[in-house]
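A short worksheet on the structure shown next.
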Amino acid sequence: MSDDSALTISNEIPNPHDPAAKVRTFPTVTAASAALVAGDTDVYLEDEPVPTFLALENPAKIDMPIGRPLLPSRAGFAVNKGDPDFLAFLNAWITAREADTWLATTSNYWFKSLGWRKRLDSAAHR
């Protein structure tokens, strides 16, 4: 299951608690997730929201001891130059959605919970 040719930042993080620890890579998120849930690997380093979903789906087996991302990341819009009205609209929209807490609420719903899955399951059974 290991593919050492696919090196990522997780391969470069040293383990001061266990210098003899071995880094394993997996071909897919599904394979790595299954190995963690089965106890075949001790740690899984992945972009959010995968670790959060794994912990929510398997609370008796998986913990997120840090509770925050190891590396912060930011998202943004890329727009064509020359349209200041559109840029002003986007900036105003972001400001308004931060003020009314829509961005934080929506982010928590989609990335910190599994409640949205109920909507997918009910839509699939229609």
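Residues: numbered from 1 along the sequence shown.
A distance of 11.5 Å separates CG in Asn80 from CG in Leu87, rounded to the nearest 0.5 Å. Separation of atoms CG (Leu103) and CD1 (Ile94) is listed at 7.5 Å; rounding is to 0.5 Å. From Asp63, atom CG reaches atom CG of Asn58 across 12.0 Å, with rounding to the nearest 0.5 Å. Here the CD atom belonging to Glu46 is positioned 11.5 Å from the CG atom belonging to Leu36, to the nearest 0.5 angstrom. A distance of 10.5 Å separates CG in Leu70 from CG in Asp47, rounded to the nearest 0.5 Å. In this structure, the separation between OG1 on Thr106 and CZ on Arg97 is 9.5 Å, given to the nearest 0.5 Å.
Hydrophobic clustering (side-chain heavy atoms under 4.5 Å, transitive across Ile, Leu, Val, Met, Phe, Trp, Tyr) groups Leu54 together with Val29. A chain of hydrophobic side-chain contacts below 4.5 Å, direct or via other Ile, Leu, Val, Met, Phe, Trp or Tyr residues, connects Phe53 to Trp110. Taking hydrophobic clusters as Ile, Leu, Val, Met, Phe, Trp and Tyr residues chained together by side-chain heavy-atom distances below 4.5 Å, Phe111 shares a cluster with Tyr109. Placement of Val43 and Met64 in two distinct hydrophobic clusters is found when ILVMFWY residues are connected by side-chain heavy-atom separations under 4.5 Å, directly or transitively. Both Leu56 and Trp116 belong to a single network of hydrophobic side chains, linked directly or stepwise wherever heavy atoms of I, L, V, M, F, W or Y lie under 4.5 Å apart.
Aromatic ring orientation, Trp102 versus Trp93: perpendicular (interplanar angle above 60°, classes split at 30° and 60°).
Annotation for Ile62 and Val37: closest pair CD1-CG2, 3.6 Å, computed over non-hydrogen atoms. Contact detail for Arg24 and Asp40: the closest heavy-atom pair is NH1-O, 2.9 Å.
Put simply, the side chain of Tyr44 does not reach to within 4.5 Å of the side chain of Pro51, judged on heavy atoms.
A donor-acceptor contact shorter than 3.5 Å links the side chain of Thr28 to the backbone of Ala31.
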